Amino acid sequence: MHVLILGGTTEGRRLAETLCAAGTRVTSSLAGRVATPRMPPGEVRVGGFGGADGLARWLREHQVDAVIDATHPFAGTISFNAAGAAAEAHVPLLALRRPSWVPVEGDDWHPVGSLPLAADAIPALGGRVFLTTGRMGLAAFAHLEEPWFLVRSVDAPEGACPPRTEVLLDRGPFTLDGERELLRRHRIDVLVTKDSGGAATAPKLTAAREARIPVIVVRRPPVPAGVPEVATFEEAATWLRTYSG
């Protein structure tokens with residue numbers, strides 16, 4: 001059995017580890033947006049496929065038996081390409097998506113539908129911003145001249161950034177004590193995050209709640225309809241075992 005994992009996430013890597021340990025042939029596809037990604041076991045390819053048609057062709061040429069979409073919740077284009085390609089190549093597709101974060105008592109969340117809308121919300125909420133939306137979308141905030149930004153990302157940002165920006169290069173998982181100290185040290189009064197879900201970066205939400213800091217949460221983009229979905233790599237492995245008989 002040959003499984004293609006559209007990865008780049010912790011869940012995708014854990015699934016590759018589980019399947020390789022069981023003797024399954026696994027190819028993990030990474031987008032290549034991180035300079036030094038944590039490499040999963042098995043075969044690895046980096047870069048795009050050339051849209052849905054290119055992915056369908058790759059599935060046929062490499063005799064793929066099943067596709068697992070374990071991409072980041074905000075990697076919307078590849079999810080739609082995967083749905084189209086799997087249907088064209090007649091290959092079963094499963095989405096492995098970590099659950100969204102859910103606010104609890106004490107949270108001061110401000111949901112928005114996009115990065116530009118997050119930028120619009122900042123001036124009314126604070127002037128010292130902890131921006132944790134990744135390095136790819138900083139141009140949406142570049143026009144904000146007054147707020148000060150602490151930008152945390154795995155790799156250094158490229159392109160337009162807000163004029164008052166300090167960059168912190170770091171990779172999760174992060175600890176609650178570490179996030180508390182970061183908010184205190186930089187006098188953060190508003191947090192901006194995507195609804196990425198998962199435990200690796202969730203401590204910032206707890207730290208913000210404790211400090212009574214408002215959080216601008218960018219909602220996830222839409223996903224293809226009709227694709228079966230699971231929340232954990234264990235469930236994905238079970239689905240594959242059921243499919244393979």
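Source: prediction; values computed, not measured.
Looking at R220 and D195, a side-chain N of the basic residue comes within less than 4.0 Å of a carboxylate O on the acidic one, giving a salt bridge. A salt bridge is absent between E11 and R14; no separation between the charged side-chain nitrogens and carboxylate oxygens falls under 4.0 Å. Ion pairing of R60 with E88 is present here, as a side-chain N (NZ or NE/NH1/NH2) and a carboxylate O approach within less than 4.0 Å. Salt bridge annotation for R152-E179: present, with a cationic side-chain nitrogen under 4.0 angstrom from a carboxylate oxygen.
Inter-residue side-chain proximity for V167 and L150 is flagged as unmet; no heavy-atom pair is nearer than 4.5 Å. Between L240 and I68 the shortest side-chain heavy-atom distance falls below 4.5 Å. Side-chain contact between R135 and V154 is absent, with no heavy atoms from C-beta onward closer than 4.5 Å. Counting heavy atoms from C-beta on, the side chains of P162 and E145 never come closer than 4.5 Å. By the 4.5 Å heavy-atom criterion applied to side chains, L168 and V151 are not counted as neighbours. No side-chain heavy atom of P92 sits less than 4.5 Å from a side-chain heavy atom of V67. With contacts defined as side-chain heavy-atom distances shorter than 4.5 Å, the pair E210/R180 qualifies. Between R98 and P73, the closest side-chain pair of non-hydrogen atoms falls below 4.5 Å.
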Criterion side-chain contact (heavy atoms from CB on, under 4.5 Å) on L94 and V227, from CA distance to verdict: CA-CA 6 Å; L94 177 73; V227 177; 6.0 Å; no

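By the salt bridge (charged side-chain N to carboxylate O under 4.0 Å, His left out) test, R164 pairs with no residue at all, sequence neighbours left out. The side-chain hydrogen bond (donor to acceptor under 3.5 Å, both in side chains) check on S79 picks up D69, with sequence neighbours excluded. Residues passing the salt bridge (charged side-chain N to carboxylate O under 4.0 Å, His left out) test with R185, sequence neighbours excluded: E181.
Annotation for A140 and P116: closest pair CB-N, 4.0 Å, computed over non-hydrogen atoms. The two residues I5 and G12 make their nearest non-hydrogen contact at CD1-O, 4.0 Å. In plain terms, the two heavy atoms of I122 and P147 that are nearest each other are CG2-CG, 4.1 Å. When all heavy atoms are compared, the tightest approach of I188 to F130 is CG2-CB, 3.7 Å.
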Validation: residues 197-207 side-chain donor-acceptor distances under 3.5 Å, sequence neighbours left out:
from: K204; atom 1: NZ; to: T132; atom 2: OG1; distance (Å): 2.8
from: K204; atom 1: NZ; to: T193; atom 2: OG1; distance (Å): 2.9

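Cluster annotation: V129 is not connected to V215 through the hydrophobic network of ILVMFWY side chains, with a link wherever side-chain heavy atoms come within less than 4.5 Å. Under the 4.5 Å side-chain heavy-atom criterion for ILVMFWY residues, no single connected hydrophobic cluster contains both V44 and L6.
Expressed to the nearest 0.5 Å, how far CZ of F233 lies from CG of L96 amounts to 9.5 Å. Taking CD1 from I78 and OG from S29, the interatomic distance works out to 6.5 Å, rounded to the nearest 0.5 Å. Once rounded to the nearest 0.5 Å, the distance linking CH2 of W58 with CG of L55 reads 8.5 Å.
Pairs of residues two or more places apart, or lying in two chains, that qualify as ring pair (Phe, Tyr, Trp, His ring centres under 6.0 Å) and include a residue from residues 167-223 are W148-H186. The side chain to side chain donor-acceptor pair (under 3.5 Å) analysis of residues 107-119, with sequence neighbours excluded, yields the pairs D107-R209, D108-H110.
Summarising the local packing, CD of E61 is surrounded by more than 12 heavy atoms from other residues, nucleotides or ligands at distances under 6.0 Å.
Evaluated for a side chain to side chain contact (heavy atoms under 4.5 Å, CB included) with L125, the options V190, V192, D189 yield exactly one hit, V190.
Of the N and O atoms on the side chains of T232 and E235, at least one donor lies less than 3.5 Å from an acceptor on the other residue. Inspection of the H2 and T27 side chains reveals an N or O donor paired with an N or O acceptor under 3.5 Å.
Panel note: side chain R45, backbone G48; a donor-acceptor pair is recorded below 3.5 Å. With hydrogens and angles disregarded, a donor-acceptor distance shorter than 3.5 Å links the side chain of T9 to the backbone of A70.
Under the 30°/60° scheme for interplanar angles, the aromatic rings of H72 and F74 are found to be tilted.
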